[in-house]
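In what follows, chains are A, B, ... by sequence order, proteins preceding strands, each numbered from 1.
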Number of protein chains: 2
Amino acid sequence: KKEQPANIHHLVEKIISGSRLELAQGITLIESVRKQDQSYAQELLQKALPHTGASVRIGISGVPGAGKSTFIETFGLMLCELGYKVAVLAIDPSSTVTGGSILGDKTRMQNLANHPNAFIRPSPTSGTLGGVHRKTRETMLLCEAAGYDVILIETVGVGQSETAVRNMVDFFALLALTGAGDDLQGMKKGIMEITDLIIVHKADGENRKLAKRTVREYKQILHYLQPATPGWQSTALPVSSLQKTGHKEVWELIQAFKEKMLESNFWKTRRQEQTKSWFHDMIHDRLIESFFNEEGKKRVVSELEKSILNSDVTVTAAVEQLFAKKV
Amino acid sequence: KKEQPANIHHLVEKIISGSRLELAQGITLIESVRKQDQSYAQELLQKALPHTGASVRIGISGVPGAGKSTFIETFGLMLCELGYKVAVLAIDPSSTVTGGSILGDKTRMQNLANHPNAFIRPSPTSGTLGGVHRKTRETMLLCEAAGYDVILIETVGVGQSETAVRNMVDFFALLALTGAGDDLQGMKKGIMEITDLIIVHKADGENRKLAKRTVREYKQILHYLQPATPGWQSTALPVSSLQKTGHKEVWELIQAFKEKMLESNFWKTRRQEQTKSWFHDMIHDRLIESFFNEEGKKRVVSELEKSILNSDVTVTAAVEQLFAKKV
């Protein structure tokens with residue numbers, strides 16, 4: 001299944017024409033660690049590039065138990081029924097630790113997966129966070145070339161994954177549960193300030209009233225904070241995937257967001273900034289990686305660290321020593 | 001005034017014995033851009049290191065007009081009268097832009113400056129932010145060796161300066177003005193989440209009532225947010241430097257903070273993490289600096305950036321190209 005494509009040109013044409021089989025093959029190339037595959041993948045992406053950029057890129061995060069899969073399935077199905085093509089990708093740096101992937105459960109989103117307009121890609125999450133980003137970003141581009149109108153990038157709130165997703169999407173939504181204001185304390189530092197919309201999920205049954213109160217509380221807090229997107233007041237909405245209410249409002253809000261951002265040109269500006277940051281992050285990663293990969297460098301740095309903490313050497317002198325040795 | 005010290009050993013002894021003249025000379029060495037001076041400065045710091053670490057390091061920020069100097073003068077004088085030795089340093093990356101330094105006004109803090117227990121150092125802020133950090137951190141260490149019990153590091157809220165200060169202090173306080181909740185919107189993104197205490201300043205006269213309300217509002221918001229320091233509930237206090245009220249409460253709070261952090265050992269852990277981060281930040285800066293200083297590198301990167309934004313090349317391929325050329 002990882003066979004080299006005889007003809008990248010043929011592959012990209014099939015992808016652009018909308019074939020899910022070839023799209024999956026293309027993503028497998030992107031995810032491959034083989035040198036030759038990586039070279040094919042770049043050739044493929046190069047040819048796909050002119051066909052990218054037309055989708056709405058949406059990041060979705062939330063605490064475990066917030067019902068991310070249920071929301072994405074219901075939201076995705078609604079969009080598919082409206083005629084949109086929807087791709088669901090995932091970043092889950094935790095799966096290497098916990099052994100379970102965000103999309104590991106095969107029965108997840110079965111209804112969405114079966115819809116002809118949907119494409120769901122469980123992402124293998126081995127490798128560094130940087131590597132995972134590259135794969136997700138490139139997979140997103142390939143999905144766009146394949147004509148997907150909406151890309152949903154799902155992440156669990158582990159480490160830097162939310163910031164990583166924020167840096168590759170147009171719109172970032174956070175799924176939260178109903179509850180008193182105290183529940184907000186469980187929120188990750190800085191998460192609200194990268195969020196364009198807080199979806200108060202499971203707003204059904206006895207929870208409905210509480211959900212409305214939680215929405216009000218979140219709105220108040222968001223009002224105090226700096227907006228995640230200049231010119232956009234981050235807000236909150238109640239949603240029930242059980243009763244299928246609120247998804248329409250979420251989509252309308254995202255469309256209003258897009259319109260506003262297109263007007264101010266921030267839509268394009270942000271994407272350009274994101275691409276430039278990605279480029280510079282990769283340069284930085286490469287520099288640091290190749291520095292620390294030098295024979296014995298990690299040991300020297302760790303020894304200098306000890307000397308510094310032991311007050312045997314100043315930080316500046318340690319850095320001087322480190323770079324003097326390099327020459 | 002920038003003469004080379006004949007004897008670093010003599011200089012450090014005078015500094016440790018508490019001579020302000022030699023302390024000022026030592027800081028001048030730290031701030032000097034001359035290679036020889038820098039080497040002297042490291043020798044000096046090396047000898048001073050065993051005498052560092054005993055102070056309480058306090059960062060203070062706030063919007064222009066919040067009354068930072070007035071607060072620091074009143075607070076500093078109170079501490080001096082209590083028998084503490086107080087050093088005031090500043091980080092102001094804006095001064096190179098605006099032409100005016102945070103401590104440029106010679107008449108600022110005149111009463112504090114005249115107190116025998118106080119040492120005020122206007123920091124020249126030319127150079128990169130990284131360079132400014134190094135100088136401030138090293139100046140702080142030298143002040144500690146000189147027996148200063150409290151180091152106040154003042155910063156204006158420009159660019160990354162607050163995060164930089166947060167990363168070199170034990171306790172971070174933010175000066176705010178009274179006002180309705182809406183005023184919080186003027187706050188910088190993420191600033192509340194690095195703050196241990198919000199000082200609602202100018203809580204006097206007609207403002208007193210309003211100040212109390214503002215304190216309550218801030219407390220509520222801080223309660224929702226993740227704490228800046230694990231195990232510490234960030235809070236707010238009303239202070240009037242005009243009526244000299246609230247400074248005692250601020251100091252008591254800082255002492256309670258220190259006690260709690262010493263108990264949990266986070267006091268030491270945070271300082272060690274800060275030192276390690278400083279070391280690694282300097283390594284990263286050096287790597288990136290020397291990469292971009294290579295002949296023509298900036299031009300190549302900027303051209304690749306254009307090609308990327310133009311969809312002529314993928315990000316990954318551009319990085320490959322950049323590092324292939326290097327060999």
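Checking each of A:Glu303, A:Glu295, A:Lys297 against A:Arg299 for a side-chain contact (heavy atoms from CB on, under 4.5 Å) leaves exactly one that passes, namely A:Glu303.
Interatomic distance, CD of A:Glu294 versus CZ of A:Phe292, reported as 10.0 Å (0.5 Å rounding).
For the set A:Ile288, A:Ile191, A:Thr316, A:Val319, the entry with the most heavy-atom pairs within less than 4.5 Å of chain B is A:Thr316. Ranked by non-hydrogen atom pairs under 4.5 Å with chain A, the options B:Leu45, B:Leu309, B:Thr275 are led by B:Leu309. Note: A:Val301 leads A:Val301, A:Thr52, A:Leu141 in heavy-atom pairs under 4.5 Å with chain B. Per-residue heavy-atom pair counts under 4.5 Å with chain B were compared for A:Lys276, A:Arg286, A:His284, A:Gln272, and the maximum is reached by A:Arg286. Residue with the most contacts toward chain B among A:Arg137, A:Arg271, A:His280: A:His280 (heavy-atom pairs, distance under 4.5 Å).
With a threshold of 4.5 angstrom between heavy atoms, A:Glu138 approaches chain B through side-chain atoms but not through N, CA, C or O.
Under a cutoff of 6.0 Å and an axis angle of 45°, A:Arg166 and A:Phe172 do not form a cation-pi pair.
A centroid separation of less than 6.0 Å is found between the aromatic rings of A:Phe291 and A:Phe323.
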* To do: Could you please spell out the steps behind the side-chain hydrogen bond (donor to acceptor under 3.5 Å, both in side chains) verdict for A:Thr314 and B:Gln42?
  => CA-CA 7 Å; A:Thr314 67; B:Gln42 290 311 312; 2.5 Å; yes
